[in-house]
There are 2 protein chains.
Amino acid sequence: MKKRERHEQILLQLKLRPHVRVAELATLFGVTTETVRRDMGDLERQGLLERAHGGASATHPGAHRDLDERRQERVVERERLAGLAASLVRDGDTVMIDAGSTTMVFARLLAFAETRVTAITNSLQIGMILGQSASARVILAPGNYLPQEAAVVGIDTCDYLARYQVDACFLGAAGLSEAGVTEAVEGFAAVKRAMMRQSAACRFLIDASKFGLTQLDVVAQFEEMDTLVSDRAPDPALAACLAESGVRTFAP
Amino acid sequence: MKKRERHEQILLQLKLRPHVRVAELATLFGVTTETVRRDMGDLERQGLLERAHGGASATHPGAHRDLDERRQERVVERERLAGLAASLVRDGDTVMIDAGSTTMVFARLLAFAETRVTAITNSLQIGMILGQSASARVILAPGNYLPQEAAVVGIDTCDYLARYQVDACFLGAAGLSEAGVTEAVEGFAAVKRAMMRQSAACRFLIDASKFGLTQLDVVAQFEEMDTLVSDRAPDPALAACLAESGVRTFAP
DNA sequence: ACCTTTATGTTGGAAGTGCAATAAATCTGT
DNA sequence: ACAGATTTATTGCACTTCCAACATAAAGGT
C-alpha cells in the first residue's frame with residue numbers, strides 16, 4: 001500500500017468518524033505506527049487533519065484556518081444567530097432546511113431543543129443531526145451528491161421539493177448586498193429558490209460577515225425575503241433596503 | 001466549578017473544535033486530570049462524546065454507535081467479501097447499492113479502487129464514502145430518514161429508484177436460508193426489491209454468519225438471485241439450493 | 001449532629017505514545 | 001545495472017496517559 005493511498009484512507013476514515021488512532025490505522029494498513037505518524041504529520045502540515053495524542057481528528061468542516069480565538073468568537077456568534085432562528089420554530093411545524101454551516105448549527109439546536117418538527121432537507125449532515133432527535137421527522141431530497149458540501153443538488157432535488165408545502169424554509173447564503181441574497185456554490189441557488197416556492201415563510205440565516213458580499217448566483221431579491229436572522233444588525237444602507245421591502249430582521 | 005458545569009463546558013468546547021485534551025481541560029477547570037477523565041467517562045456513556053487516548057472527540061454528525069460497533073465485527077471476512085464484490089464492478093458501470101455495514105465496506109473498496117461508476121444508493125454513509133472518490137458519481141434516493149441505519153426508506157425511495165435502470169445492484173441481507181434472502185429492518189426489504197427490479201444483475205453480499213438465519217421480511221427467492229458473494233462457501237444443503245436455482249456463488 | 005452517598009484528589013505501576021537515530025527496503029533516473 | 005534519493009522498519013528511551021485502589025472532602029438526608 002502506497003503512501004498516497006494511506007493518506008486517502010486516513011482522510012476517508014476521518015470522514016466517517018471524528019477520531020482515528022495511530023495504532024489502529026497501523027494494523028489496518030499493515031505498517032508501523034511510525035509510518036502512520038509520518039503520514040499524519042504530512043496531512044497535518046497540509047491542514048487536512050489535526051493531530052492529537054495517540055491519533056488524529058478531522059478538521060472541522062468548513063473551518064477557516066484563522067486564529068483559534070477568532071474561530072471561537074465566530075462560533076459563538078453563529079450559535080446566537082442559530083438560536084434566534086430556532087426560536088422561530090414551533091412544535092408541529094414543517095420546515096425546509098438547506099445545506100450550509102450556519103443552517104447546520106441551527107439544526108443542531110433544533111434537535112437539542114427537541115422541537116417537534118418535520119424537516120425536509122438536501123443536506124446529508126443536517127439530516128443526520130436532526131434525525132438523531134426522537135422528536136424530529138426527517139425527509140431527505142434526492143439528487144446528485146456534492147461531496148464538498150455533503151448535500152444533493154440538481155433537477156431531481158428541486159422537483160422533489162415541489163411536492164411539499166411547508167410552514168417555513170431556513171436558508172443560508174454566501175452574500176447579502178444591494179443585489180439581494182447571493183450564493184456561490186453551483187446548484188445551491190436553484191435548490192434555495194425551490195424551497196422558497198414551497199414555503200409560507202422564508203427565513204434567511206446570514207451572519208454579519210456576509211454583509212456587503214455579492215456572489216455569482218442571485219437567490220432572492222429583498223421583496224422575496226420574509227425574515228433575516230443575523231448576529232448583528234446590518235449597516236444603515238442595507239437596513240434601509242430591507243425595511244423598505246418589509247423584511248423583518250432579527251439580531252441580538 | 002460543579003460537575004454539571006464542567007460537563008457543559010466540555011461539550012461546548014467540543015462544538016468549537018473537534019478534539020480536546022484531558023490535561024488541557026484539567027488546567028482550564030482547575031481540577032485534576034482524573035476528574036476530567038471521569039467526566040469524559042460519564043459523557044461517553046451518554047454517547048455525547050468519544051474518548052480517545054489523551055482526550056476526547058465530538059461525536060461525528062453521522063456517527064452511529066451501533067453502526068460503528070457492527071463495523072468492528074468480522075472485519076477481515078467482510079473485507080474479503082467486499083473485495084470479491086468490488087472486482088465484479090467494471091469501469092463505466094452503473095450500480096445500485098443498498099444500506100448495510102457490508103455494502104459500506106464494499107463502497108469503500110470501490111472508492112479506493114477508483115472504479116469509474118455511477119452509483120445510486122439510499123444510504124447516506126455510502127453516498128458520502130463513494131462521493132469522496134473523484135471517479136464516482138453518486139445519486140441519492142429520497143425518503144424518510146432512518147437514524148439507526150443512516151438511510152432513507154419508504155414509498156418515495158422505491159418510486160425514485162424506478163426511474164433508473166442499472167447494470168447491477170449490490171445488496172446486503174440479514175439472513176439467508178431455505179426461505180431465501182430475508183431482512184429484519186422495516187422498510188429495507190421494499191427498497192431492496194425495488195433495486196432488484198431496475199437491475200440487469202442482482203448480487204447479494206452476505207457473510208457466512210447470516211447463513212441459516214431467517215428474518216421477518218422476505219426479500220428474494222433463490223430464483224431471483226443472480227450472484228451470491230460471501231466469505232465462505234455455504235454448507236452443502238444451502239449450496240444445493242443455490243446451484244439448483246442457477247445462483248453463481250463467489251467465495252474465497 | 002450523624003451517617004451515607006457522592007465527588008474529588010493522590011499515588012504507583014502498567015500501558016501507550018512520541019521522538020530521534022540508524023538500518024533496511026524501495027523507488028527513480030540515467 | 002547502478003548510485004542516489006525516498007520511504008519504511010527497527011530500536012531504545014523519555015514522556016504521557018490510563019487505571020485501580022485508597023484517602024479525603026463535600027453534599028444530602030434523617
Side-chain angles (χ1 to χ4, degrees), chain A residues 1-60 65 68, chain B residues 1-60 63 65 68-69 71-73 75-76 79 83 108-109 111-114 134:
Chain A
M1 179 177 280
K2 305 290 175 209
K3 186 189 209 176
R4 180 65 177 252
E5 298 176 25
R6 284 199 313 272
H7 284 196
E8 286 176 9
Q9 271 295 314
I10 292 175
L11 295 177
L12 186 58
Q13 291 283 338
L14 281 176
K15 291 258 158 56
L16 301 178
R17 44 240 190 84
H19 192 266
V20 292
R21 303 185 66 140
V22 175
E24 182 189 352
L25 291 180
T27 59
L28 181 64
F29 296 159
V31 296
T32 317
T33 58
E34 289 307 309
T35 304
V36 175
R37 242 184 278 282
R38 276 188 281 261
D39 288 339
M40 287 181 172
D42 294 342
L43 294 171
E44 186 186 33
R45 267 184 293 281
Q46 296 173 50
L48 299 174
L49 56 75
E50 287 182 16
R51 286 303 313 273
H53 196 98
S57 301
T59 54
H60 234 49
R65 276 201 273 144
D68 278 10
Chain B
M1 179 177 281
K2 301 290 173 208
K3 188 187 204 176
R4 179 65 178 246
E5 207 174 330
R6 284 198 313 271
H7 285 196
E8 284 176 11
Q9 272 295 316
I10 292 174
L11 294 177
L12 180 62
Q13 289 286 333
L14 280 176
K15 280 184 187 155
L16 307 180
R17 46 238 183 82
H19 190 266
V20 292
R21 303 186 63 140
V22 176
E24 180 190 354
L25 291 180
T27 59
L28 180 64
F29 297 158
V31 296
T32 318
T33 58
E34 289 307 310
T35 304
V36 176
R37 242 184 279 282
R38 278 189 273 259
D39 288 339
M40 287 181 174
D42 294 342
L43 294 171
E44 186 185 34
R45 268 185 292 281
Q46 296 174 47
L48 300 174
L49 56 76
E50 287 183 14
R51 284 304 314 274
H53 198 277
S57 303
T59 53
H60 197 264
R65 185 193 286 271
D68 285 338
E69 280 175 9
R71 216 168 53 202
Q72 302 292 346
E73 296 169 6
V75 179
V76 180
E79 292 259 342
R108 178 162 30 230
L109 292 181
F112 183 67
E114 298 192 343

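Everything quoted here is computed from the prediction, not taken from an experiment. Just so we're on the same page: letters track the sequence lines, and every chain starts at 1.
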Participant: A/D39 and salt bridge (Lys or Arg N to Asp or Glu O under 4.0 Å): which partner among A/K3, A/R45, A/R6, A/R51?
Facilitator: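 Result for salt bridge (Lys or Arg N to Asp or Glu O under 4.0 Å) with A/D39: A/R6.
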Participant: Provide, to the nearest angstrom, the distance between the CG atom belonging to A/L25 and the C1' atom belonging to C/dT17.
Facilitator: 14 Å
Participant: How close or far is atom P of C/dC19 from atom CE of A/M40, stated in whole angstroms?
Facilitator: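 Value for this atom pair: 12 Å.
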Participant: Any N or O donor-acceptor pair under 3.5 Å from the base of C/dG9 to the side chain of B/R38?
Facilitator: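 In this structure, the two groups form a donor-acceptor pair.
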Participant: Taking all atoms of both residues into account, what is the closest heavy-atom pair of A/T33 and A/V22, and its distance?
Facilitator: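 Looks like O-CG1, 3.5 Å.
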Participant: Among C/dG9, D/dT8, D/dC19, which is the nearest nucleotide to the side chain of B/T35?
Facilitator: C/dG9
Participant: Starting from P on D/dT6, measure out to CZ on A/R4 and report it in whole angstrom.
Facilitator: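 After rounding, the gap between these two atoms is 18 Å.
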Participant: Can you tell me if A/R21 and B/H53 form a side-chain donor-acceptor pair at under 3.5 Å?
Facilitator: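 Short answer, no.
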Participant: Base, sugar-phosphate, or nothing: which does A/R21 touch, judged by heavy atoms less than 4.0 Å apart?
Facilitator: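 Answer is sugar-phosphate: A/R21 comes under 4.0 Å of backbone atoms only.
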Participant: Just the rounded figure in Å: distance from C1' of D/dT6 to NZ of A/K3.
Facilitator: 8 Å
Participant: Walk me through whether A/M40 and A/L43 qualify under side chain to side chain contact (heavy atoms under 4.5 Å, CB included).
Facilitator: CA-CA 5 Å; A/M40 287 181 172; A/L43 294 171; 5.6 Å; no
Participant: From the options D/dT11, D/dA20, D/dT17, select the nucleotide whose nearest atom is closest to the side chain of B/E34.
Facilitator: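 Among the listed nucleotides, the one closest to the side chain of B/E34 is D/dA20.
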Participant: Rounded to whole angstroms, how far apart are CG on B/D39 and P on C/dT6?
Facilitator: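 For the pair B/D39 CG and C/dT6 P, the rounded distance is 16 Å.
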Participant: Give B/A52 one of three labels, base, sugar-phosphate or nothing, depending on what nucleic acid heavy atoms sit under 4.0 Å from its own.
Facilitator: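 Answer is sugar-phosphate: B/A52 comes under 4.0 Å of backbone atoms only.
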Participant: Tell me: CZ of B/R51 to P of D/dT17, nearest whole Å?
Facilitator: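 Answer to the nearest Å: 11 Å.
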Participant: Whole angstroms only, please: what is the CD-P distance between A/E24 and C/dA15?
Facilitator: 20 Å
Participant: In whole Å, what is the span from the NE2 atom of A/H53 to the P atom of C/dA15?
Facilitator: 16 Å
Participant: What pair of heavy atoms forms the shortest contact from B/A56 to B/L49, and how long is it?
Facilitator: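 Nearest heavy atoms, B/A56 then B/L49: CB-CD1, 3.9 Å.
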Participant: Among the nucleotides C/dT17, D/dT10, C/dG9, which one has an atom lying closest to any side-chain atom of B/T32?
Facilitator: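 So the nucleotide nearest the side chain must be C/dG9.
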Participant: Does B/R6 put a side-chain nitrogen or oxygen below 4.0 Å from OP1 or OP2 of C/dA7?
Facilitator: no
